[in-house]
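Here's the structure we're looking at; comments come further down.
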Amino acid sequence: MMRTTEAIYKYLRPDKKFPHMWCPGCGIGIVMGALVRAIEKTELTKDEIILVSGIGCSGRISTYLDFNTLHTTHGRALTFATGIKLANPELTVITVMGDGDATAIGGNHLIHACRRNIDITSIIINNNIYGMTGGQYSPTTPMERKASTAQYGSIEKPFDICKLVEACGATFVARGTSFHAKMLDAMMLRALNHKGFSVVEAMSQCPVQYGRRNKLGTPMDMMQWFKDNSVSSPAFNKIPPDEVDEQFPVGVLVNKEDKEYIDRYRDIVKKAGGEVQ
Amino acid sequence: MNKRNEVLLQGNEACAMGALAAGMRFFAGYPITPSTEIAEFLSAELPKINGTFIQMEDEISSMGAIIGASLAGTKSMTATSGPGFSLMQENLGFASMAEIPCVVVNVMRGGPSTGMPTRPSQGDVMQTRWGTHGDHPAIVVCPKSVLECYTLTVRAFNLAEKYRTPVIVLIDGIVGHMWENIETPSTIEVIDRAKPTVPPEWYHPYENLPGGEITPLAPFGQGYRYHVTGMVHDRSGFPTLVHDEVEQCLKSITNKIKNNLHDIIDIEEYLLKDADICVVAYGSVARSAREAVNMAREEGIKAGMLRPITLWPFPRFHLEDIAGRVKTFVVPEMNFGQVYGEVLKSCPKKAVRVTRVDGELVTPDHIFAKIQEVSS
């Protein structure tokens with residue numbers, strides 16, 4: 001593996017961008033590190049990579065990395081990414097979204113990108129809260145957990161992001177956490193190499209807006225919780241459903257082949273009598 | 001007259017054909033009356049020339065997709081109508097702020113809300129100017145005929161590329177659904193996107209160049225790695241809150257339009273030289289207005305017409321000039337007076353309006369009656 005300092009000089013943007021704006025103890029930097037390490041293991045050049053992000057804490061990743069970067073409107077990263085990928089299929093398009101970004105305001109775009117199986121790699125950083133705007137509850141905030149807009153605890157059932165995208169047709173789905181940084185690298189690398197719509201849900205701690213309000217302890221305590229409750233997908237499937245408490249499966253959850261959207265579109269071009277390039 | 005080259009076309013079709021002639025190769029849209037024919041036509045034509053058509057999940061995503069495609073270096077367009085245009089405002093603002101060329105066609109129907117999907121209107125004039133939040137530029141072209149649906153769509157692409165900004169083609173439902181025999185122009189001017197003249201390490205996508213020159217937008221993936229955001233940004237595209245950089249950013253997106261009014265604004269004058277009464281009309285209503293002016297002339301009333309072909313930027317200086325010569329402006333519109341308000345700004349107290357909002361066209365008789373009223 002490339003030495004850390006070399007990777008920093010190669011992939012992070014110099015001048016004016018640092019120090020970053022994430023709070024002390026935030027897990028987003030770990031996820032960003034995993035993404036950089038995964039990209040470094042591919043043959044891709046920085047010029048070929050288009051990194052599209054939404055709005056929120058996770059959306060700021062695009063500012064720090066030295067690719068073609070696009071910081072879009074809230075929830076809309078996948079719509080811009082779809083346009084880029086269709087206009088130039090040679091490019092490698094990666095989107096980075098948060099949980100509110102991807103599954104609330106951008107939920108419609110997410111389910112349709114899955115359905116189309118377009119060759120985009122989506123990283124969804126799930127910290128169970130709207131961090132940047134001050135800790136409001138998101139579609140992944142667990143029941144009864146507190147948020148600045150759920151002062152008495154959330155009464156809404158949370159989304160299971162991986163189940164959602166699987167049901168909608170994503171052909172590669174994986175879940176990791178900020179505790180399992182190296183596993184996250186490996187899953188992102190597989191997602192990048194997968195042809196079709198791939199999703200990596202990266203669970204990440206938000207100690208300031210989520211952890212503090214719910215008395216979850218230090219950032220290390222929150223990462224320890226990830227360690228204690230994550231179960232590899234095959235082992236998780238063996239647990240009887242009524243015995244599942246807070247555990248959740250990690251690892252590659254879906255990996256299947258299906259015709260990719262741009263390949264299908266090329267068939268349309270042929271049918272219409274056009275020349276496929 | 002040689003009619004061999006003439007084809008019977010619908011306004012919406014002509015708009016789509018104009019887009020193809022201008023080099024548009026990416027369309028994303030969502031079905032909505034009365035603009036859907038544009039998407040239907042392009043879904044058949046774009047694959048034939050290896051262009052891309054996609055029907056997105058809504059108008060928000062359609063707007064996002066065309067901005068993405070444009071950043072990848074492809075001329076792109078979407079088409080919609082009132083409710084869909086409302087949904088596009090968010091990313092339309094993004095395109096203004098991030099200076100991404102693209103074309104949005106709005107075939108107006110009766111509003112507000114779901115309004116009258118199958119009846120025409122001109123109710124979106126102010127929305128094309130101020131629909132998205134914040135101070136931003138707007139270029140809006142407004143055809144009155146099937147031929148102009150073609151030619152002005154070409155012009156919209158040229159303006160978008162030249163000024164690195166979204167351009168709106170504002171068609172009313174009558175013009176969009178009207179059929180006319182037209183001869184598509186054999187030669188048209190097409191402006192393609194300028195390429196950066198500097199190497200990547202010298203490139204700043206939002207650099208203010210001397211003489212008001214606009215920095216070319218480098219397509220993603222060609223070695224010019226840069227950042228694009230909807231946030232206020234510095235010359236390299238990165239978010240900034242430094243006062244000087246904030247002001248520079250916001251001024252440059254509006255000044256590039258303000259400093260080029262002479263190039264952008266397009267008007268048609270009809271019998272205005274000796275006129276006492278000037279009818280200001282646009283879109284399908286301009287056709288009725290022209291007829292009303294002819295009727296007035298037959299009665300010995302010196303009427304003329306000014307037709308803003310570009311609704312925004314509004315031809316204010318032309319109006320001020322005409323205001324010095326005429327006694328009254330008559331402004332017929334299929335709304336409660338959106339352009340009338342702009343006319344008043346240029347020449348207070350001299351304008352009257354003719355409004356119609358029942359989903360029918362303002363007729364020549366209707367306008368002529370008002371001309372007679374103000375001339376007596």
Side-chain angles (χ1 to χ4, degrees), chain A residues 13 15-17 45-50 52-53 55 59-60 62-63 65-93 105-106 108-109 111-113 115-116 118 261-262 265-266 268-277, chain B residues 25-26 28 43-76 78 90-94 97-98 100 102 200 218-231 233-234 236-240 242:
Chain A
R13 281 184 163 134
D15 57 69
K16 230 179 135 179
K17 312 304 170 306
T45 66
K46 293 194 286 183
D47 288 336
E48 294 170 276
I49 296 174
I50 316 295
V52 186
S53 68
I55 293 288
R60 292 303 185 96
S62 62
T63 319
L65 296 179
D66 186 19
F67 303 119
N68 304 276
T69 54
L70 175 58
H71 181 212
T72 67
T73 40
H74 196 21
R76 319 297 178 211
L78 281 169
T79 73
F80 288 68
T82 299
I84 294 169
K85 185 68 186 177
L86 284 171
N88 186 355
E90 302 298 311
L91 301 171
T92 295
V93 182
I105 190 165
N108 197 26
H109 312 310
I111 63 176
H112 289 278
R115 183 175 65 85
R116 290 187 189 106
I118 187 166
Y261 185 83
I262 291 166
Y265 189 77
R266 286 189 173 122
I268 292 295
V269 171
K270 269 186 220 154
K271 269 189 197 169
E275 260 179 56
V276 178
Q277 283 173 353
Chain B
R25 292 295 178 268
F26 185 96
S43 75
E45 295 305 314
L46 275 168
K48 292 181 189 167
I49 49 174
N50 203 30
T52 307
F53 170 89
I54 185 168
Q55 183 170 305
M56 294 298 286
E57 53 271 18
D58 55 25
E59 287 88 350
I60 300 170
S61 47
S62 302
M63 193 65 218
I66 70 164
I67 296 171
S70 183
L71 271 165
T74 305
K75 287 186 183 179
S76 61
T78 186
E90 177 194 42
N91 286 335
L92 193 58
F94 184 95
M97 181 60 138
I100 315 295
C102 55
F220 269 181
Q222 297 193 0
Y224 292 83
R225 294 188 307 276
Y226 58 94
H227 188 60
V228 178
T229 177
M231 298 182 79
H233 45 266
D234 62 17
S236 303
F238 293 103
T240 182
V242 177

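Letters A, B, ... are given to chains in the order of the sequence lines, protein chains preceding strands, and every chain is numbered from 1.
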Partner chain B: residue of A/Ile50, A/Val93, A/Thr45, A/Asn88 with the largest heavy-atom pair count (under 4.5 Å): A/Ile50

Residue part contacting chain A, namely of B/Thr74, when any heavy atom lies under 4.5 Å: side chain

Heavy-atom pairs under 4.5 Å with chain A, option from B/Gly221, B/Gly93, B/Ala72 with the top count: B/Gly221

Interchain contact, B/Leu71 with chain A, by part (heavy-atom threshold 4.5 Å): side chain

Any side-chain heavy-atom pair of A/His109 and B/Asp58 under 4.5 Å: yes

Value rounded to 0.5 Å, distance of CZ in B/Arg225 from CZ in A/Arg13: 8.0 Å

Test: A/Arg76 and B/Glu90 ion pair at under 4.0 Å: yes

Under 4.5 Å from a heavy atom of chain B, the part of A/Arg115 involved: neither

Part of B/Met231 lying under 4.5 Å from any heavy atom of chain A: side chain

Among the listed options A/Gly106, A/Gly273, A/Ser62, A/Ala81, the residue most often paired with chain B at heavy-atom distances under 4.5 Å: A/Ser62

Heavy-atom contact with chain B under 4.5 Å, split by part of A/Lys46: both

Contact origin within A/Ile268 toward chain B - heavy atom pairs under 4.5 Å: both

Structural part of B/Phe220 lying under 4.5 Å from a heavy atom of chain A: both

Per-residue contact mode, A/Leu70 against chain B (heavy atom under 4.5 angstrom): both

Smallest separation among heavy atoms of A/Tyr265 and B/Pro47, with atom names: OH-CG, 3.6 Å

Beyond-backbone contact of A/Thr82 with B/Ser61, side-chain heavy atoms, under 4.5 angstrom: no

Selection from B/Ser70, B/Gly64, B/Ser236 maximising heavy-atom pairs under 4.5 Å formed with chain A: B/Gly64

Pairs of heavy atoms under 4.5 Å with chain B: top-ranked of A/Lys85, A/Arg116, A/Lys270: A/Arg116

Interface moiety of B/Phe53 toward chain A, non-hydrogen atoms closer than 4.5 Å: both

Smallest separation among heavy atoms of A/Leu86 and B/Thr52, with atom names: O-OG1, 3.8 Å

Option in A/Gly75, A/Ala77, A/Gly83, A/Ala272 with maximal non-hydrogen atom pairs under 4.5 Å from chain B: A/Gly83

Parallel, tilted or perpendicular, as decided by the 30° and 60° cut-offs, for the rings of B/His227 and A/His71: parallel

B/Asn91 and its side chain to side chain donor-acceptor pair (under 3.5 Å) partner, picked from A/Thr79, A/Thr73, A/Thr72: A/Thr73

